[in-house]
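By convention in this document, chain letters (A, B, ...) are assigned in the order of the sequence lines, proteins followed by strands, and residues within each chain are numbered from 1. Treat the numbers as computed from the prediction; the structure is a model and nothing was measured.
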Amino acid sequence: MSNATDKPDSAADEKSLDFIREMVAADIEAGKHEKIVTRFPPEPNGYLHIGHAKSICLNFGIARENNGVCNLRMDDTNPVKEDVEYVQSIQDDLNWLIDGWADHVKSPELLFASDYFERFYNYAVDLIKAGKAFVCDLNAEEFMATRGTPTEAGTNSPHRDRSVEENLDLFKRMREGEFPDGAKTLRAKIDMASPNIHMRDPAFYRIRHAHHHRTGDDWCIYPTYDFAHCLEDSIEGITHSLCTLEFEVHRPLYDWILDNLDVPRPQPRQTEFARLNLNYTVMSKRKLLSLVEDGIVDDWNDPRMPTISACRRRGVPAEALRRFCDIVGVTKFNSLTDVALLEHTIREVLNKESVRRFGVLRPIKVVITNYPKNGEEDCEGPNNPAAEDQGTRTMPFTREVYIDAEDFMEEPPPKYFRLRPGGEVRLKYAYIIKCEEVVKNDDGSIAELRCTYDEGSKRGGPTADRKVKGTIHWVSAKHALDATVHLYERLFNVPEPGADDRDFVEDLNPNSLETVQAKLEPSLADLKPGDPCQFERLGYFCHARESSPDNPAFLRTITMKDAWTRKKPKK
RNA sequence: UGCCCGAUGGUGUAACGGUAGCACAGCAGUCUCUGAAUCUGCUUGUCUAGGUUCAAAUCCUAGUCGGGCAACCA
């Protein structure tokens, strides 16, 4: 369980704490809590994305570092927007993300705000009895019209001074279904002149004759976020309620409700942090949904999506996501994080974990004319040069091999040190070859390369130490595994899709998916699904979900860093 | 024109009144049977103006810029 790369456990880390962890540490120091309890409270109305990963890492991380608990709670107070489909996907994604890291601090039960409906109702009754809430007959339009503006005070509801008895009666009849949707609300009695609009007698209950995915038709009144959330936290004994910046102005209301009710003390404390923004992608549920619905991507878990399920499908290790969240940190500054930071942690983790294999994405046939006609021999290469203990693999070498189209140029630019006519290159773990002839098809495309090999240049041979500038990967034509490979790039071309009033679809990268028929090292057929693999010199790949023995399929998680394509002269 | 929050290199962050540091990105070099990784070096920053102080990124005031807030959404 000791993973030095993850969030510090207790190891002598001199790493400074973010402002929230500092606060938690101070609360512990002051003896304020017996146990730290945080929570991750998604609304089941969409898939989890990388932005949620930040919140998950924060909440579960804090629980983990303090021997606490983090509750997974569905914030399902609005039946018209939520769906069970999402309850499952949220659990799957979260479990994958925290597996082996913070799964031991997750609440044993999956929690639902809807399980507290009866208690919410009783708290509302308490507020009415205390003269702190009233039933209002204003409809939505009237409510807004009397709410005022940021610069003007609102006006009191005409029903604000109803007696406690009348309010109690009306509220009960609201629950019993006597009134149609929107006919009445339960409102707090605070201050219609407050400069904070959320304190202007906000609604706590609305009438919705709607079927709830868990409580069915038990209720026709549902609590609003502001009323429910602080009580959910209170009921669960949450010590630190962490949310994003837009809830900052709701905090006075969060505190007001708990202050005015007989709830356990100390009350949970809400603290806000900045949500995660990533460049070259979009994160809003609305935009993500439209990508799915308009068929721009296959589904929520299309590998180009910034969702957690997409990351998983694409072969991004959970640890890479966690490291990324760690690097990004927690502040109140509205930032736009460079996706290169994420790409870095993905490569960092994958470099450590991936076996090396050869894959030729755009094959060109090479015939080694001075190699025996039916000759065949094994070449050996390490499974992972970064981990000697992972042993070696062998791959067959024959007279005809495939190399990648990118590794041959008839008229190469300066500093190109792969294969060229008359030039030499090393076939990695095998021989140095020299290109003697380029055979063309009728249309001018390359049919094959005819090369000769230096028989003594294999490892251990007399000319093995000859220096040639380039080393390339290859696959024996006879043994190659034919596979479909999906190559993904960023979904968008620009750092901020949709900026400057553009429609964000205008910024889509038309080349975000390319599918090729590749020739792979035969042992790749044995790669376990889910195991990462590096196609040497190309990038990190994994078994595609739809892969089968008859139709093997792989997809590219991420390319290698590539100094050459950055450097080479652009056409 | 109301209220709340924020501002440190290109990006993300640290420094809690005492030498502005780290990571990513970039550049240059090293190494290399992966143009990767490794290793080395370099470029680049405290929003502005005042004030307090021996000393300010840090405290105070004003301004500038950015974000949020007027669902019976969360």
Side-chain angles (χ1 to χ4, degrees), chain A residues 15-16 18 22 41-43 45 75 77-78 80-82 136 138-140 143-144 147-154 181-187 194-200 202-208 221-226 228-229 243-252 272 274 276 279 285 324 327-345 347-348 351-352 356 358 381 385-386 415-418 426-430 432 457-459 464-465 467-473 495 534-539 559-568:
Chain A
K15 194 173 171 184
S16 57
D18 58 66
E22 264 181 12
E43 183 187 17
N45 73 342
D75 201 6
T77 57
N78 188 351
V80 305
K81 297 182 70 174
E82 294 145 12
C136 178
L138 261 29
N139 63 32
F143 177 84
M144 286 207 278
R147 208 173 199 194
T149 68
T151 53
E152 298 163 299
D181 284 3
K184 294 188 189 312
T185 55
L186 182 74
R187 286 228 254 164
S194 170
N196 182 343
I197 287 168
H198 299 281
M199 298 299 272
R200 318 237 265 229
F204 282 170
Y205 268 91
R206 70 284 220 201
I207 300 173
R208 292 270 183 285
I221 57 172
Y222 292 94
T224 59
Y225 167 85
D226 282 316
H229 205 90
C243 61
T244 45
L245 252 24
E246 67 268 27
F247 293 102
E248 225 159 6
V249 286
H250 295 245
R251 183 163 20 117
E272 311 83 15
L276 174 70
N279 63 12
K285 276 180 190 169
F324 169 69
I327 287 173
V328 161
V330 182
T331 67
K332 301 188 75 150
F333 177 63
N334 265 299
S335 58
L336 178 61
T337 298
D338 193 339
V339 70
L341 241 46
L342 173 61
E343 293 171 343
H344 170 256
T345 62
R347 291 191 181 102
E348 187 179 37
N351 177 50
K352 187 184 67 183
R356 270 59 170 175
F358 285 161
K415 294 283 181 68
Y416 182 86
F417 40 80
R418 281 111 97 153
R426 173 175 292 280
L427 297 179
K428 195 170 188 192
Y429 308 133
I432 293 169
S457 60
K458 197 177 173 186
R459 194 184 297 276
D465 293 332
K467 293 293 174 200
V468 279
K469 196 64 179 158
T471 300
I472 65 175
H473 58 277
Q534 182 195 102
F535 288 5
E536 295 201 47
R537 304 204 311 129
L538 298 177
T559 59
M560 304 292 264
K561 271 185 75 176
D562 182 3
W564 168 243
T565 45
R566 281 203 309 272
K567 195 181 299 183
K568 76 179 168 191

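- As judged by a 4.0 angstrom heavy-atom cut-off over every strand, K561(A) is placed among residues touching the sugar-phosphate backbone only.
- Contacts of I327(A) with the nucleic acid, taken as non-hydrogen atoms under 4.0 Å apart, involve only primed sugar atoms and P, OP1 or OP2.
- Residue contacts for V249(A): at a heavy-atom cut-off of 4.0 Å it reaches a base atom on one of the strands shown.
- Of the C1' atoms belonging to A74(B) and C69(B), the separation is 14 Å, rounded to the nearest Å.
- Across all strands, T345(A) comes closer than 4.0 Å to no nucleic acid atom at all (heavy-atom distances).
- Qualifying side-chain contact (heavy atoms from CB on, under 4.5 Å) partners for A183(A), counting only residues two or more places apart in sequence or in other chains: F179(A), P180(A).
- Residue R347(A) is classed as having no contact, given no heavy-atom separation below 4.0 Å to the nucleic acid.
- Across all strands shown, R356(A) has heavy atoms under 4.0 Å from base atoms, whether or not it also approaches the sugar-phosphate.
- Evaluation of the side-chain contact (heavy atoms from CB on, under 4.5 Å) rule for P195(A) yields no partner, not counting sequence neighbours.
- R426(A) comes within 4.0 angstrom of a base, heavy atoms only.
- Protein chain A touches strand RNA chain B; the 5'-most and 3'-most nucleotides with an atom under 4.0 angstrom of its non-hydrogen atoms are U1(B) to A74(B).
- Among the atoms of the strands shown, none is found under 4.0 Å from any heavy atom of F204(A).
- Among the atoms of the strands shown, only primed sugar atoms or phosphate atoms (P, OP1, OP2) are found under 4.0 Å from some heavy atom of T77(A).
- Partners of F247(A) under the side-chain contact (heavy atoms from CB on, under 4.5 Å) rule, at least two apart in sequence or in another chain, are Y225(A), C243(A), T244(A), H250(A), Q270(A).
- Residues forming a ring-ring contact (aromatic ring centres under 6.0 Å, His included) with F324(A) (at least two apart in sequence, or on another chain): none.
- At a threshold of 4.0 angstrom between heavy atoms, the contacts of K415(A) include nucleobase atoms, whether or not backbone atoms are also involved.
- In secondary-structure terms, RNA chain B builds stems of at least 3 consecutive Watson-Crick or G-U pairs, each pair having both distances under 3.5 Å, at B:2-7 with B:64-69, B:10-13 with B:21-24, B:26-29 with B:39-42, B:47-51 with B:59-63.
- Across all strands, D181(A) comes closer than 4.0 Å to no nucleic acid atom at all (heavy-atom distances).
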